[in-house]
Visitor: 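Please read through the structure below; I'll follow up with questions.
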Amino acid sequence: MADTILQQQDCAPGLTLFDIAWDDVLFAKVLPLLSLRDLFNFRCCSRLSKHFVDSGFQRMRVLNLSGNNDRFIERSFRVVSRNSGNIRTVNLAKCNWLQDELLTSFLQCNSRITRINLSECANITSTSLQPIIIDCKNLSVLKLAHCNWLTIGAMEALTLHHSKIQELDISYCNSLNERCILVFLLNCRQLHTLSLAYLPSVTDNLLYSIAKNTKEMRHLNVIGCQMVTDRGIGALSLYCKSLESLMVRDCPLVTERSLSLLRGRVFIDRPRNYQHQPPMAPNRGFPRLFLQV
């Protein structure tokens, strides 16, 4: 056996890693196993390794830099932006180094993005959303939690250009009002996951609109929405038959009277309150709810 191996080595002298099929093996099987740090270390080895890694960036589909604030990450991101063009999913949450110029350049090169997370990116503005709004026509997931720079105008522009968004997170975006969120919901009927945590503008009016117009809603987060009451939750229980989870922690006006209508078929983040409370009477069509929609 040893003699056979030696004969094979003699027949194929000088073989290197790069002699393995790039598309079928290296790009498909090896590259996904390497971290971004590994890729850049390997990129520094030779001209051929640099060409190999840059070609790999062109085939990259997922970029996850969430919480990565290393000293050289900004320079690395510029290299990825310059060489990529087919990224579909990008997570840049909590990237303190990210600025408008960097993000805009990246988005202009990757207009096929379908999922993007910019939550807690404090050093960008709504200007950087323009490529997302105008060019990313296949966008289905948008996460902008803790983005105080998200303005009503940006939300209206997003509503104008996108109707296929299925998942939206605008928690803690205190600059938004209920009307711009309502108009967005009326335009995005495919929405099934929505997070509105700690938005002071959210009231029963908005929940009633969700119940009537977004019947496919499966996951709803209204944690900390102080104006939400049993009336809004009751509307959800009546119309949202596909609802799977409801987050209502820190909603003092929501009681077991309405939550009991959902328990058993919907996950609720609040345990059952066993104190005696009169059950909420069935209300066909909610004739007593004077809600503006």
Side-chain angles (χ1 to χ4, degrees), residues 93 115 117 119-120 140-147 150 165-174 176-182 184-186 188-293:
R115 306 168 64 92
N117 187 348
S119 298
E120 298 187 51
S140 62
V141 176
L142 179 61
K143 297 184 178 183
L144 300 173
H146 292 271
C147 293
L150 181 62
I165 293 180
Q166 300 176 14
E167 184 175 342
L168 178 69
D169 186 352
I170 50 175
S171 302
Y172 297 90
C173 295
N174 296 324
L176 302 180
N177 60 27
E178 189 176 51
R179 177 177 175 77
C180 74
I181 301 173
L182 174 60
F184 176 86
L185 295 177
L186 292 174
C188 290
R189 301 299 179 96
Q190 300 179 33
L191 195 70
H192 60 67
T193 301
L194 177 63
S195 182
L196 304 170
Y198 292 99
L199 288 183
S201 59
V202 174
T203 67
D204 288 339
N205 291 333
L206 186 57
L207 294 193
Y208 187 74
S209 178
I210 292 174
K212 293 291 290 184
N213 300 293
T214 318
K215 294 183 173 61
E216 297 302 318
M217 184 65 65
R218 299 202 295 268
H219 306 283
L220 180 61
N221 181 354
V222 290
I223 290 176
C225 295
Q226 303 286 314
M227 302 300 293
V228 171
T229 73
D230 284 334
R231 293 182 175 183
I233 303 301
L236 295 175
S237 68
L238 182 63
Y239 293 108
C240 292
K241 302 301 182 182
S242 299
L243 195 64
E244 298 177 11
S245 66
L246 177 65
M247 306 299 179
V248 288
R249 193 172 66 252
D250 294 336
C251 294
L253 301 181
V254 176
T255 70
E256 192 62 30
R257 295 179 63 216
S258 60
L259 295 179
S260 62
L261 302 175
L262 292 167
R263 293 195 187 277
R265 66 181 179 91
V266 176
F267 170 80
I268 300 175
D269 65 338
R270 276 169 48 175
R272 185 185 295 273
N273 186 349
Y274 287 97
Q275 295 180 355
H276 177 71
Q277 290 180 332
M280 178 177 282
N283 195 340
R284 297 185 179 89
F286 288 85
R288 288 188 168 186
L289 298 185
F290 299 99
L291 301 174
Q292 296 179 353
V293 296

Visitor: Please enumerate all residues that pass side-chain hydrogen bond (donor to acceptor under 3.5 Å, both in side chains) together with Ser201, with sequence neighbours excluded.
Guide: none

Visitor: Side-chain donor-acceptor pairs under 3.5 Å in residues 244-252, sequence neighbours left out?
Guide:
unit_1, atom_1, unit_2, atom_2, d
Ser245, OG, His219, ND1, 2.7
Arg249, NH1, Asp269, OD2, 3.4
Asp250, OD2, Tyr198, OH, 2.6

Visitor: Does Ile165 reach the side chain of Leu191, with side-chain heavy atoms less than 4.5 Å apart?
Guide: yes

Visitor: Nearest 0.5 angstrom please: Tyr239 OH to Asn213 CG, how far?
Guide: 10.5 Å

Visitor: For Gln190 and Glu216, run side-chain contact (heavy atoms from CB on, under 4.5 Å): C-alpha distance rounded to whole Å, both residues' side-chain angles, the deciding distance at 0.1 Å, then the answer.
Guide: CA-CA 7 Å; Gln190 300 179 33; Glu216 297 302 318; over 6 Å; no

Visitor: Of all heavy-atom pairs between Cys173 and Leu144, which one has the smallest distance, and what is that distance?
Guide: SG-O, 3.1 Å

Visitor: Would you give the length of the straight line joining atom CG of Asn221 to atom CG of Asp169, rounded to the nearest 0.5 angstrom?
Guide: 7.5 Å

Visitor: Mind checking the CG-CD spacing from Asn205 to Glu178? Nearest 0.5 Å is all I need.
Guide: 5.0 Å

Visitor: Taking the side chain as C-beta and beyond, is there a heavy-atom pair between Lys215 and Lys241 under 4.5 Å?
Guide: no

Visitor: Could you check whether any side-chain N or O of Arg270 sits under 3.5 Å from a backbone N or O of Val254, counting only pairs where one atom can act as donor and the other as acceptor?
Guide: yes

Visitor: I'd like to check the salt bridge (Lys or Arg N to Asp or Glu O under 4.0 Å) partners of Lys143; sequence neighbours left out, ordered by chain and number.
Guide: Glu167

Visitor: Suppose we screen for ring pair (Phe, Tyr, Trp, His ring centres under 6.0 Å). Which residues come up paired with His192, at least two apart in sequence or across chains?
Guide: none

Visitor: Output the distance between atom CD1 (Ile233) and atom CG (Leu238), rounded to the nearest 0.5 Å.
Guide: 13.0 Å

Visitor: Got a sec, which residues hit side chain to side chain contact (heavy atoms under 4.5 Å, CB included) with Ala93, two or more places apart in sequence or on another chain?
Guide: Ser66, Asn91, Asn117, Ser119

Visitor: For Arg189, check side-chain hydrogen bond (donor to acceptor under 3.5 Å, both in side chains) against everything at least two apart and list the hits.
Guide: none

Visitor: For the atom pair CG (Leu186) and CG (Leu182), what is the distance rounded to the nearest 0.5 Å?
Guide: 4.5 Å

Visitor: Could you go through the side-chain contact (heavy atoms from CB on, under 4.5 Å) check for Leu196 and Ile170 one step at a time?
Guide: CA-CA 6 Å; Leu196 304 170; Ile170 50 175; 3.7 Å; yes

Visitor: Roughly how far apart are Arg218 CZ and Gln166 CD, rounded to 0.5 Å?
Guide: 8.0 Å

Visitor: Could you tell me if the side chain of Leu199 sits less than 4.5 Å from the side chain of Leu206, heavy atoms only?
Guide: no

Visitor: Looking at Cys180, is its backbone amide N or carbonyl O close enough to the side chain of Asn177 to form a donor-acceptor pair, meaning the two atoms are under 3.5 Å apart?
Guide: yes

Visitor: Minimum heavy-atom separation for Arg115 and Ser140, please, with both atom names.
Guide: CG-OG, 4.2 Å

Visitor: So which atom in Ser171 and which in Ser195 form the shortest heavy-atom distance, rounded to 0.1 Å?
Guide: OG-OG, 2.5 Å

Visitor: Please enumerate all residues that pass side-chain hydrogen bond (donor to acceptor under 3.5 Å, both in side chains) together with Thr229, with sequence neighbours excluded.
Guide: Asp204

Visitor: Can you list the residues that meet the side-chain hydrogen bond (donor to acceptor under 3.5 Å, both in side chains) rule with Thr193, with sequence neighbours excluded?
Guide: none

